[in-house]
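Only this structure's heavy atoms are used, side chains among them; waters, hydrogens and symmetry mates stay out.
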Protein chains: 2
Amino acid sequence: MTDPSAPPRFRLRVVFGPEDWMGPGKAELLEHIAQSGSISAAGREMGMSYKRAWQLVEAMNEMFREPLVHSSRGGAHGGGAVLTPAGLAVLEEYRGLEDTARRAGAAHIERLHSMLRDIPDGK
Amino acid sequence: MTDPSAPPRFRLRVVFGPEDWMGPGKAELLEHIAQSGSISAAGREMGMSYKRAWQLVEAMNEMFREPLVHSSRGGAHGGGAVLTPAGLAVLEEYRGLEDTARRAGAAHIERLHSMLRDIPDGK
DNA sequence: GCTCGATATGTTTCTTCGGGAATAACGGAA
DNA sequence: TTCCGTTATTCCCGAAGAAACATATCGAGC
């Protein structure tokens, strides 16, 4: 989850309620599902157990009016999962939020960064 | 930590490295220390153990070039803690970042919010 | 109808995190 | 010099959550 090699500068979680929130992990999971067409493959790519990946998917499917991920069992390759239009919309909205917030707060972040003891890197 | 009564809409963590980050909890702790003049009182007010509060203070003091909290033992009332100028600066910078990011992303958040299954409240 | 790969779900084990208790140090004030 | 309330630090333990393991289910294709 927390990538030790290239740490993200910015983590943003939108909290709607005690059980309902949208954050970086879920967004990344949606992206991997969209790309791989599989929950298990997405989890594997993220170093996340299938169970946890599935739990996150279930949580997202329940918190939004329409499910974000459509999954199917059996069949030619055992099954798979795809993003619904709602899933794609939520993902893009979240990514847009991240970009917007990051750009708007860049000056603040830079100022905080410059106050650190050991600056990890100039850029 | 997660307030059940009035859930915040927005949680923002600036990650500088695996060990170094600044988030809502640390910011709130700084505020309570500034107000109460005591680490233990601040922790108590936040429903946080003294141990944890102190650990967070230590982490902040080490990650920034200058310590954010100056603490002293003994004396008239047993001791206390105050924010250094650096502490005040970091706090204000973080709050500024939060405000800026929240305002900039308000439209995105509102759109995500409207896609929820059960909208907690109209406003 | 058997196989295969992925979804779906339960069970058990393990690790991590934080709380709580216990203790020491400190220094002004009575 | 004794008292007091806070900082500082260590140790033990329980709860929470993730990981690991174990099955069951499904459906196209062979």
Taking [atom1] from [X] and [atom2] from [N], how many angstroms apart are they, rounded to a whole number?
{"X": "B:R44", "N": "C:dG20", "atom1": "CZ", "atom2": "C1'", "value": "15 Å"}
{"X": "A:Y50", "N": "C:dT9", "atom1": "OH", "atom2": "C1'", "value": "9 Å"}
{"X": "B:L56", "N": "C:dC17", "atom1": "CG", "atom2": "P", "value": "13 Å"}
{"X": "B:E58", "N": "D:dT9", "atom1": "CD", "atom2": "C1'", "value": "10 Å"}
{"X": "B:H77", "N": "D:dC3", "atom1": "NE2", "atom2": "C1'", "value": "14 Å"}
{"X": "B:I39", "N": "D:dG5", "atom1": "CD1", "atom2": "P", "value": "18 Å"}
{"X": "A:H70", "N": "C:dA6", "atom1": "NE2", "atom2": "P", "value": "17 Å"}

Of the non-hydrogen atoms in [X] and [Y], which two are nearest, and what is the gap between them?
{"X": "A:A27", "Y": "A:M22", "value": "N-CE, 3.7 Å"}
{"X": "A:S114", "Y": "B:R65", "value": "O-NH2, 2.7 Å"}
{"X": "A:L112", "Y": "B:F16", "value": "CB-CZ, 4.0 Å"}

Hey, can you pull the donor-acceptor pairs under 3.5 Å for the side chains in residues 72-80 of chain B, sequence neighbours left out?
none

Using a cut-off of less than 4.0 Å, is there contact between a side-chain N or O of A:S71 and OP1 or OP2 of C:dA8? yes
Distance test, side-chain N/O of A:S38 to OP1/OP2 of C:dT7, below 4.0 Å: yes
Which letter, B, S or -, goes with each nucleotide of nucleotides 11-24 of chain D from 5' to 3', with contact meaning a protein heavy atom under 4.0 Å? B------SSB----
Distance, nearest 0.5 Å, that separates NE2 of B:H108 from CD of A:E93: 6.0 Å
Interatomic spacing from CG in B:N61 to CG in B:L56 - rounded to 0.5 Å: 11.0 Å
Only counting residues at least two apart or in another chain, list the ones meeting side chain to side chain contact (heavy atoms under 4.5 Å, CB included) with B:A53. B:L29, B:I39, B:M48
Hey, which sits more toward the 5' end of DNA chain C by its nearest nucleotide, A:S40 or B:G75? A:S40
A:G78 or B:W54: which one's nearest nucleotide on DNA chain D is closer to the 5' end? B:W54
